[in-house]
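Numbers restart at 1 for each chain; the letters A, B, ... are given by sequence-line order, proteins then strands.
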2 protein chains.
Amino acid sequence: MLPEEKEIYFKVAISVSLVLFGFDGEMLRILLSNDTKKGPFPGAPHLPSVYVKAHEGIDSNVEKLVFLHTQKDHIFVEQLKAFAKVFNNPLGRVVNIAYYATVKLDDELLQYSKERDEEWVAYSKIPDLAFDHNEIIDYAKERLKRRVKRRPIGFYLLPKHFTISQLQKLYETALNREMDKRNFRKKIVNSQLIVETGLTDNSSSRKSAKLYKFDEEKYQKLSLKGYDFLF
Amino acid sequence: MLPEEKEIYFKVAISVSLVLFGFDGEMLRILLSNDTKKGPFPGAPHLPSVYVKAHEGIDSNVEKLVFLHTQKDHIFVEQLKAFAKVFNNPLGRVVNIAYYATVKLDDELLQYSKERDEEWVAYSKIPDLAFDHNEIIDYAKERLKRRVKRRPIGFYLLPKHFTISQLQKLYETALNREMDKRNFRKKIVNSQLIVETGLTDNSSSRKSAKLYKFDEEKYQKLSLKGYDFLF
DNA sequence: TCAAAAGTGTTCTTTGTACACCCATGT
DNA sequence: ACATGGGTGTACAAAGAACACTTTTGA
């Protein structure tokens, strides 16, 4: 590239979009913003996004974006890929780098999102979105499906203490199929990824259910050696 | 973003880098360019790359880049992810979108690359590269490992007709471990992904080996339904 | 004649899958 | 008393892993 050509190249903007998966104990949901008043897609919901200033780091922007929408730290975040169709954005050429993250969807967060006029939409009922955000979500779902099969990232979506039924529901939503209760428990227990807490939950049934927590140490080992959690 | 802020954002360039995997019948190799005479990494080899003009499509640039370095069409190409550390490139902020592709490494291509002062370096002996290209290659290797396990993309790396031993060597290099001959053959034959051609190869051994080809129709079916080729 | 790669089966272990009933308790 | 979700075991099928010898033929 010659110096005088720089202006042909250096006139692109970076944006970051976030597919935030939340699990409310019943189903997976994705966070959508509704604040588009004008622009090319007025009124259309869209993924939480931010433009990145040319001199700023991407990762710090992603972190900020995640915190802004979750109020939580230590969230699982991973890049999906760059989406960079030419006419995505009427402001000019924008490279949109898409990330996904997983979060425990508790009442506090639901309340917070509501105040911000953001909505946790059911995984299976995503409406038409602005830009190419539907495509990004489809891509994110596929990634989640694969990840959930091979690594125990599902645990990031659950509260600290959870029942095996909740865990199973999470897997069923993510993988979009039903599973056998006994086989599921067998596999999870064999994996030794969860340990009993001694506590019980009786909010969702007559008989109370054992609460488990996730064995972090075991998880670290299994994550490293390319773990197989094949459902 | 306000109109007057546009200049804070729209001053980034896009580049595309390519991790080109080639298999020569013995081992996997990656193509590196050596033409860096000046700049921040003088003399350091680097991945084949190109800057993308702000108004151009990414995909067409990737296609062109692949063709430029392989002289072949219908190559398997997939995006890895965007690499966008702030000070990657002294010209200014550059978002480098990395792709990988797989190609049959025949004599013709070896000759062509040689003329272009490019080198097919052994998969396990990658030198220090310019920019963050080593990081990109590590990422690409991991992706190849996963892909090769789940989808028959290995076939894109082989000549039209190949022996089972060649196929096994390819898997062994990609996955970096040895495999049992009998179990390998059993699995491959059971998969019904390859068919005998009736031809034989006697270049690499005393006893001649059967040449197989890859059953495209079967492949299409298996690729769609999220195939498991677990080695 | 021997070195080098081709080709071939069996056994055992592990993992997956299908399947049905009793339990505790809040209403 | 009954509806709701919690919890448990067994038998069969499929897939993976370990393992050793014979064949062909160019040098």
When the distance from [atom1] of [X] to [atom2] of [N] is rounded to whole Å, what number comes out?
X	N	atom1	atom2	result
Arg206(B)	dC2(C)	CZ	C1'	10 Å
Phe184(A)	dG16(C)	CZ	P	13 Å
Glu172(B)	dA5(C)	CD	P	13 Å
Asn190(A)	dT17(C)	CG	P	14 Å
Asp201(A)	dG5(D)	CG	C1'	11 Å
Lys207(A)	dT27(C)	NZ	P	17 Å
Glu178(A)	dA18(C)	CD	C1'	15 Å
Gln168(B)	dA5(C)	CD	C1'	12 Å

Qualifying ring-ring contact (aromatic ring centres under 6.0 Å, His included) pairs with a residue from residues 196-216 of chain B, counting only residues at least two apart or across chains: Phe155(B)-Phe214(B), Phe214(B)-Tyr219(B)
Glu26(A) and Lys169(A): CA distance, side-chain angles, deciding distance, salt bridge (charged side-chain N to carboxylate O under 4.0 Å, His left out) verdict: CA-CA 7 Å; Glu26(A) 278 297 314; Lys169(A) 265 187 204 135; 3.3 Å; yes
Touch class at under 4.0 angstrom, heavy-atom based, for Ser208(B) against every strand present: sugar-phosphate
Sugar-phosphate, base or nothing in reach of Ser204(B), heavy atoms under 4.0 Å: sugar-phosphate
Going by atom type alone, with no hydrogens or angles, which donor-acceptor pairs under 3.5 Å involve a side-chain atom of residues 76-83 of chain B and a protein atom two or more places apart or on another chain?
from	atom 1	to	atom 2	distance (Å)
Glu78(B)	OE1	Tyr100(B)	OH	2.9
Glu78(B)	OE1	Arg143(B)	NH1	3.1
Glu78(B)	OE1	Arg147(B)	NE	3.2
Glu78(B)	OE1	Arg147(B)	NH2	3.3
Glu78(B)	OE2	Arg147(B)	NE	3.3
Glu78(B)	OE2	Arg147(B)	NH2	3.1
Gln79(B)	OE1	Ala82(A)	N	2.8
Gln79(B)	NE2	Ala82(A)	O	3.0

Derivation of the salt bridge (charged side-chain N to carboxylate O under 4.0 Å, His left out) call for Asp106(B) and Lys72(B): CA-CA 11 Å; Asp106(B) 49 36; Lys72(B) 294 178 205 281; 2.9 Å; yes
Ser165(B) side-chain N/O to dA6(C) phosphate OP1/OP2 under 4.0 Å: yes
Phosphate OP1/OP2 of dT4(D) contacted by Ser205(A) side-chain N/O (<4.0 Å): no
Cation over ring face, Lys104(B) and Phe23(B), 6.0 Å, 45°: no
Interatomic spacing from CE in Met179(A) to CZ in Arg185(A) - rounded to 0.5 Å: 14.0 Å
Within the sub-3.5 Å range, which N or O atoms of nucleotides 8-12 of chain D have a protein N or O partner, and how far apart are they?
from	atom 1	to	atom 2	distance (Å)
dT10(D)	O4	Lys186(A)	NZ	3.0

Ser15(A) side chain to Asn96(A) side chain, donor-acceptor N/O pair below 3.5 angstrom: yes
